[in-house]
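Quick notes on the structure that follows.
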Amino acid sequence: MSGLMEYKKWMDENLITCLMNAEKSGDQEIVETILFWLAHINIVDEIFRAHLTKTKHVYSKTVVDKLPSATELITSVRNTDNWLINYETNLSEHDRQAVFDFTYTDGEPGQLTAQSILTHLLTHGLYHISVVDDRISKRGYDVNGILFTTHMKHRKQLGPVRS
């Protein structure tokens with residue numbers, strides 16, 4: 001299945017829009033909530049990007065001690081999302097089944113296929129964005145789309161999401 005990372009980017013962009021709206025409104029609690037969870041999602045994305053490229057990452061845990069600025073985080077999320085879209089687009093069916101050995105941040109060994117890593121990144125982000133959406137919607141913010149069918153309808157209307 002291809003296009004998972006375009007779906008992931010679409011969800012991330014919807015959350016980024018909420019972040020920017022909360023910043024404009026001066027709603028610091030919502031800004032900090034979104035920054036925390038978006039940073040966590042991005043750290044996990046970057047860790048698995050390193051696994052896919054067989055390089056070392058700089059993370060010893062999947063949460064930040066200090067929240068990044070919105071600008072810094074948005075740039076990083078978009079960079080990583082675009083890299084993941086390019087990676088997925090260029091994967092052959094054979095390469096999707098390539099096995100990657102790695103170490104989780106807790107020190108335990110891990111082993112996943114490229115396709116399993118991409119699926120994990122999608123479902124991991126979807127889970128956290130769903131939880132954040134539930135929290136922030138109580139304060140009038142709405143991620144405006146996390147369902148795959150909504151993404152497909154949007155994609156059909158506007159064409160594929162690109163950088």
Would H57 and T105 satisfy side-chain contact (heavy atoms from CB on, under 4.5 Å), going step by step from the backbone distance to the final call?
CA-CA 10 Å; H57 59 79; T105 55; 4.3 Å; yes
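- Remark: the N86 side chain and the N82 side chain contain no N/O donor-acceptor pair separated by less than 3.5 Å.
- Residues L118 and L52 are in side-chain contact: their nearest non-hydrogen atoms beyond the backbone lie under 4.5 Å apart.
- Not a single ring pair (Phe, Tyr, Trp, His ring centres under 6.0 Å) links Y127 to another residue, sequence neighbours left out.
- Annotation: the span from S92 atom OG to Q97 atom CD amounts to 9.5 Å, rounded to 0.5 Å.
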Would you check, one step at a time, whether the test side-chain contact (heavy atoms from CB on, under 4.5 Å) holds for M11 with Y7?
CA-CA 6 Å; M11 288 187 303; Y7 173 37; 3.9 Å; yes
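- Between K61 atom NZ and D106 atom CG the span is 14.5 Å, to the nearest 0.5 Å.
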Output side-chain donor-acceptor pairs under 3.5 Å for residues 38-47, partner residues at least two apart or in another chain, one line each.
residue	atom	partner	partner atom	Å
H40	ND1	T62	O	2.6
H40	NE2	H124	NE2	2.9
H40	NE2	H128	NE2	3.3
N42	ND2	E46	OE2	3.2
N42	ND2	S76	OG	2.8
D45	OD2	K8	NZ	2.6
E46	OE1	Y59	OH	2.2
E46	OE2	S76	OG	2.6

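- When the side chains of ILVMFWY residues are joined at heavy-atom separations under 4.5 Å, either directly or via intervening members, L35 and V131 end up in two distinct hydrophobic clusters.
- Between S25 and Y141, the shortest heavy-atom contact is CB-OH, 3.5 Å.
- Here NZ of K54 is found 12.5 Å from CZ of F102. Values are rounded to the nearest 0.5 Å.
- Under the 4.5 Å side-chain heavy-atom criterion for grouping Ile, Leu, Val, Met, Phe, Trp and Tyr, F48 is not connected to V99 through any hydrophobic cluster.
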Take E6 and K9 through the test salt bridge (charged side-chain N to carboxylate O under 4.0 Å, His left out) and record every step on the way to the result.
CA-CA 5 Å; E6 285 189 10; K9 180 178 179 170; over 6 Å; no
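- Here the CG atom belonging to D101 is positioned 4.5 Å from the CD atom belonging to Q111, to the nearest 0.5 angstrom.
- Using a 4.5 Å heavy-atom threshold, the side chains of R135 and W37 count as touching.
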Should C18 and I34 be marked as a side-chain contact (heavy atoms from CB on, under 4.5 Å) after you check the CA-CA gap, both sets of side-chain angles, and the distance that decides it?
CA-CA 8 Å; C18 284; I34 295 171; 3.9 Å; yes
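- Of the possible donor and acceptor atoms, none in the side chain of T55 sits under 3.5 Å from a partner among the backbone N and O of H51.
- Summarising the geometry, atom OG1 belonging to T80 is positioned 5.0 Å from atom CZ belonging to R49; distances are rounded to the nearest 0.5 Å.
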If you apply the rule side-chain contact (heavy atoms from CB on, under 4.5 Å), what do you find for F36 with V63, and how did you get there?
CA-CA 8 Å; F36 178 84; V63 294; 3.7 Å; yes
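- Remark: side-chain polar atoms of E23 are not paired, donor with acceptor, to backbone N or O of V31 under 3.5 angstrom.
- In this structure, S130 and L126 approach most closely via the heavy-atom pair OG-O, 2.7 Å.
- Taking CD1 of I136 as the start and CG of D27 as the end, the distance is 9.5 Å to the nearest 0.5 Å.
- A donor-acceptor contact closer than 3.5 angstrom is absent between the side chains of S69 and T71.
- Put simply, the side chain of T113 does not reach to within 4.5 Å of the side chain of F100, judged on heavy atoms.
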